[in-house]
Structures are given as structure tokens and as C-alpha cells.
Q: 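I have a structure here, written as C-alpha cells, and I will follow up with some questions on it.
Worth saying up front: this structure is predicted, and the values here are computed from it rather than measured. Computed over heavy atoms, backbone and side chain alike; hydrogens, waters and symmetry mates excluded. Each ligand, and each atom within it, is numbered from 1 in the order the structure gives. FYI, the numbering just counts along the sequence from 1.
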Amino acid sequence: MIYIVIPCYNEQEVLHETTRQLSAMLTATSEPTKVLYVDDGSRDTTWDIIRSLSKQYDSVEGVRLAHNVGHQQALWAGMEQALQLGAEAVVSIDADLQDDIAVIPRMISDFRAGDDVVYGVRRERTTDTRFKRWTALAFYRLMNSLGSGTVYNHADFRLLSRRALEALLSYPERNLFLRGIVPMLGFNTRIEYYDRKERFAGESKYPLTKMLNFALDGITSFSIQPLRWIHGIGLCFILVAFGVMIYALTSYVLGRSLPGWTSLLMSVWLVGGVLLVAIGVTGEYIGKIYMEVKRRPRYFIQETTTTARS
Ligand code: UDP
Ligand code: MG
């Protein structure tokens, strides 16, 4: 059974249409599939709709979370449930069907052909505002320069095989940024391209503040680089301090300075630099502690000679 996991937060306007389109598409494929809605503590009639849909369609199931935990955690919950229900693969997609569901059969056939991770990647972002496009691009660039292998223009539309899913769920961290973790898993990976559509009803559940928080989460849960920057800035300060010292001392010797100015100027720069370096060194250790407490798994086995032969 392949599960399509869909997190929903106040999605009453879209659920009927989403279910209609999905079940039409899924019955056309001969694969055994089910849709699993995760109600992320919605405050509208989302759950009632999911319940009635699950009576109406055999292939629809639902889980209701006790309170709103956010997109990433809701997705995680859904994937965990799907795994427990015996899913051999899970496709995650948003409730608003902005991502092309026609890609799902392609993902499934990639999975049948042996791929473990299939990313849905938007070809263009013509339906997004210029602002969203620009900020997104800047964000992916920043993430990659910080050393996380985030896939450009890939949201949370992807297929994971059972073993990739098990690997993903073995990451015990609470600060969840799935787009950063999934590329760390490895396994056989493929990209499927599609065009992203407009949300057909309801409004985005990601206002600017949530987007910023999400980006900040992404950066801080993958990189201790910002801590290193403090260190670097501190070292620069100390270099500048030497320049300032020479300048201040020559002014002093030439008698072009006020009393007290020389010593103050020198100490401000030097002390500033030394403090920043000290914070940077402390930061290195905090960064180490941070990475340790994540307790991330060290490796996953792709295959061995014994499994390959069987
Ligand atoms: N979502 C959720 N919990 C939240 C916010 C959003 O489960 O707290 C779901 C939402 O129902 C949708 C998906 O996350 O299925 C993506 O949200 P949305 O389409 O509003 O984001 P956008 O496409 O505007 O980035
Ligand atoms: Mg959307």
C-alpha cells in the first residue's frame, strides 16, 4: 500500500475538491493507494469533512492531532502513522494541490523501478509573487552555502520508500526541517519536474512571519556556521585594533590627541575584538553540544552483498 499523506490546517474549502481529484487520479493507476489526511488542530470544519470523506471513500483515512503543531510536525505525524499502517512508500503533498498530482504516478513508477527518494521540483514559480520567488531563491542559496543539500525549488512534495522513511524517522530531532534532512539520507534519488499551480481555494497558511520562522529554523537546525561568523568578526576586530593602535599612538606622539583619547580608542577596539573571539570560541563548543544532542543517526545501509544477491 502506498500512502498519500496530506497535512491540513483549516482547509475546509479545498478538501472535497482535493479528494475528488486525487481519487480520480489514483483509481486510474493500478497501484494500491490510500490518502491519509492529518488534521493539524484545525479550528474550522476540516475534521468533520475528513470524517465524512473517509465514510464516502474507501481509500480515505484521517488522523486528527490534538493541537496545531505546524506543517512539518504534522507531516511527520502522518508519515509515522503511514509507516505503522504498513505503507511501502509515502507521498507527501499539500492539501491545496498547488503541486501537480499527475506527478504522483510518475513518482510511484520511479519507486517501482528502485528509487527510494523522489523529489517533486517546480519548474517555474510563475504563480508565486515576485517577492516570494526572490526570497525563496535567496534562501536556497544561503542554505546551500551553509552546507545543507536543500534541493532548489523543492517543497515538501516527495515520495519516500519504506526504508528511506524509516531512516528519516530515526532522526530524533524536534526542530524539524524536512527539506534539509531528506537529502542527508542518501539512497537512490530522482527528481520529477512539474509546474506549480495557484492555490484553488482558501488562503496560504504561510504568512510572512511563519515563512521567516521557517527559514530561520532551516538555517539554525542545520548549521552552526553563524556561530563561526562571530569568531571571524572578532578576529577582524582585533586586526582593526592593531591599525587603530598604530594610528592612535602616532597621533599621541605627534601631540595631535586629547588626553585619554589614545587609551580609550585602543581599548575599545581591542576589548571588543577579544570579547567577540571569546564568544566565538564558546560558540564552537555550543555548536558541538548542539550537534551532539540532536543524536542523529550515523549511517544507513543502502545494500550489502548478501541482500543484493537475494
Ligand atoms: N499546514 C499545516 N499546519 C500549519 C500550516 C499549514 O498542516 O500550521 C498545511 C496546510 O494545510 C497545507 C500545507 O501545510 O496543506 C502548506 O500550506 P500552504 O499551502 O498554506 O503553504 P504555501 O503553499 O502558501 O507555502
Ligand atoms: Mg500552498
Q: Contact between Arg196 and ligand 1, counting heavy atoms under 4.0 Å?
A: yes
Q: Of the side chain and backbone of His71, name the one, both, or neither that has a heavy atom under 4.0 Å from an atom of ligand 1.
A: both
Q: With the threshold set at 4.0 Å, does a side-chain nitrogen-carboxylate oxygen contact exist between Glu166 and Arg163?
A: no
Q: Can you get from Trp269 to Trp261 by hopping between Ile, Leu, Val, Met, Phe, Trp and Tyr side chains that sit under 4.5 Å apart?
A: yes
Q: Could you find the nearest protein heavy atom to atom 25 (O) of ligand 1 and give me its residue, atom name and distance?
A: Lys132 NZ, 3.3 Å
Q: Nearest protein heavy atom to atom 17 (O) of ligand 1, by residue and atom, and its distance?
A: Tyr206 CD1, 3.9 Å
Q: Have a look at ligand 1 and work out which part of Leu75, if any, has a heavy atom under 4.0 Å from it: side chain, backbone, both or neither.
A: neither
Q: In terms of residue, atom name and distance, what is the protein heavy atom nearest to atom 19 (O) of ligand 1?
A: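 Of every protein heavy atom, Asp96 OD2, 2.6 Å lies nearest to atom 19 (O) of ligand 1.
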Q: For a 4.5 angstrom cut-off between non-hydrogen side-chain atoms, does Leu26 reach Val35?
A: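 Yes, side chains in contact.
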Q: Would you kindly confirm whether Ile238 and Ile279 end up in one hydrophobic cluster when ILVMFWY residues are joined by side chain heavy atoms under 4.5 Å apart?
A: no
Q: For Tyr194, does the OH atom have more than 12 heavy-atom neighbours from other residues, nucleotides or ligands under 6.0 Å away?
A: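 Buried by this count: over 12 neighbours within 6.0 Å.
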Q: If the cut-off is 4.0 Å to any non-hydrogen atom of Pro7, which atoms of ligand 1 fall inside it?
A: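 Those atoms are 7 (O), 9 (C), 10 (C), 11 (O), 12 (C), 15 (O).
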Q: A side-chain contact here means heavy atoms from C-beta on lying under 4.5 Å apart; do Tyr3 and Glu61 qualify?
A: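 In contact.
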Q: Looking only at protein heavy atoms, which one is nearest to atom 22 (P) of ligand 1, and what is the separation?
A: Ser204 OG, 3.8 Å
Q: When you measure from atom 23 (O) of ligand 1 to every protein heavy atom, which one gives the shortest distance, and what is it?
A: Gln98 OE1, 2.7 Å
Q: Taking the side chain as every heavy atom from C-beta outward, state whether Phe111 and Met107 have any pair of such atoms under 4.5 Å apart.
A: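 The answer is no; the side chains never approach within 4.5 Å.
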Q: Does ligand 1 come near enough to Asn68 that some N or O of the ligand is less than 3.5 Å from an N or O of the residue?
A: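 The answer is yes, given that Asn68 and ligand 1 share an N or O pair closer than 3.5 Å.
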Q: Against Arg196, only a single residue in Asp100, Asp99, Asp96 fulfils salt bridge (charged side-chain N to carboxylate O under 4.0 Å, His left out); can you say which?
A: Asp99
Q: Looking only at protein heavy atoms, which one is nearest to atom 20 (O) of ligand 1, and what is the separation?
A: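 In this structure, atom 20 (O) of ligand 1 has Lys205 N, 2.4 Å as its nearest protein heavy atom.
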Q: So does Glu88 pair up with Arg112, basic N to acidic O under 4.0 Å?
A: yes
Q: Between Asp40 and ligand 1, which residue portion shows a heavy-atom distance shorter than 4.0 Å: side chain, backbone, both, or neither?
A: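 Looking at Asp40 and ligand 1, just side chain atoms fall under 4.0 Å.
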Q: Does Glu192 pair with Arg106 as a salt bridge, N-O distance under 4.0 Å?
A: yes
Q: Without placing hydrogens or testing angles, list every side-chain donor-acceptor pair under 3.5 Å for residues 173-187, not counting sequence neighbours.
A:
unit_1 : atom_1 : unit_2 : atom_2 : d
Glu173 : OE1    : Arg296 : NE     : 2.7
Glu173 : OE1    : Arg296 : NH2    : 3.3
Glu173 : OE2    : Arg296 : NH2    : 3.0
Arg174 : NH1    : Pro172 : O      : 2.7
Arg179 : NE     : Asp156 : OD2    : 3.4
Arg179 : NH2    : Asp156 : OD2    : 3.2

Q: Which of these passes side-chain contact (heavy atoms from CB on, under 4.5 Å) with Ser42: Asp40, Thr45, Asp44?
A: Asp44
Q: Surrounding CG of Leu254 (heavy atoms of other residues, nucleotides or ligands, distance under 6.0 Å), is the total greater than 12?
A: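 Yes, enclosed.
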Q: Taking 2.8 Å as the limit, list every protein N, O or S atom around the Mg ion (ligand 2), by chain and residue number.
A: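 Checking every protein N, O and S atom gives Asp96 OD2, Gln98 OE1.
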Q: Among all protein non-hydrogen atoms, which one is nearest to atom 18 (P) of ligand 1, and what is the separation to 0.1 Å?
A: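 For this ligand atom, the closest protein heavy atom is Arg199 NH2, 3.4 Å.
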Q: Within a strict 4.5 Å, meaning less than it, do heavy atoms of the Asp94 and Phe157 side chains meet?
A: no
Q: Do me a favour and list the nearest non-hydrogen protein atom to atom 1 (N) of ligand 1 with residue, atom name and distance?
A: Tyr9 CB, 3.7 Å
Q: Applying a strict 4.0 Å limit to heavy atoms, is Lys210 in contact with ligand 1?
A: yes
Q: If you count the atoms of ligand 1 from 1 in the order shown, which ones are under 4.0 Å from a heavy atom of Glu11?
A: 10 (C), 11 (O), 12 (C), 15 (O)
Q: One residue to check: Ala95. Relative to ligand 1, which of side chain, backbone, both or neither has a non-hydrogen atom less than 4.0 Å away?
A: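 It is both parts that get close, each with some atom under 4.0 Å.
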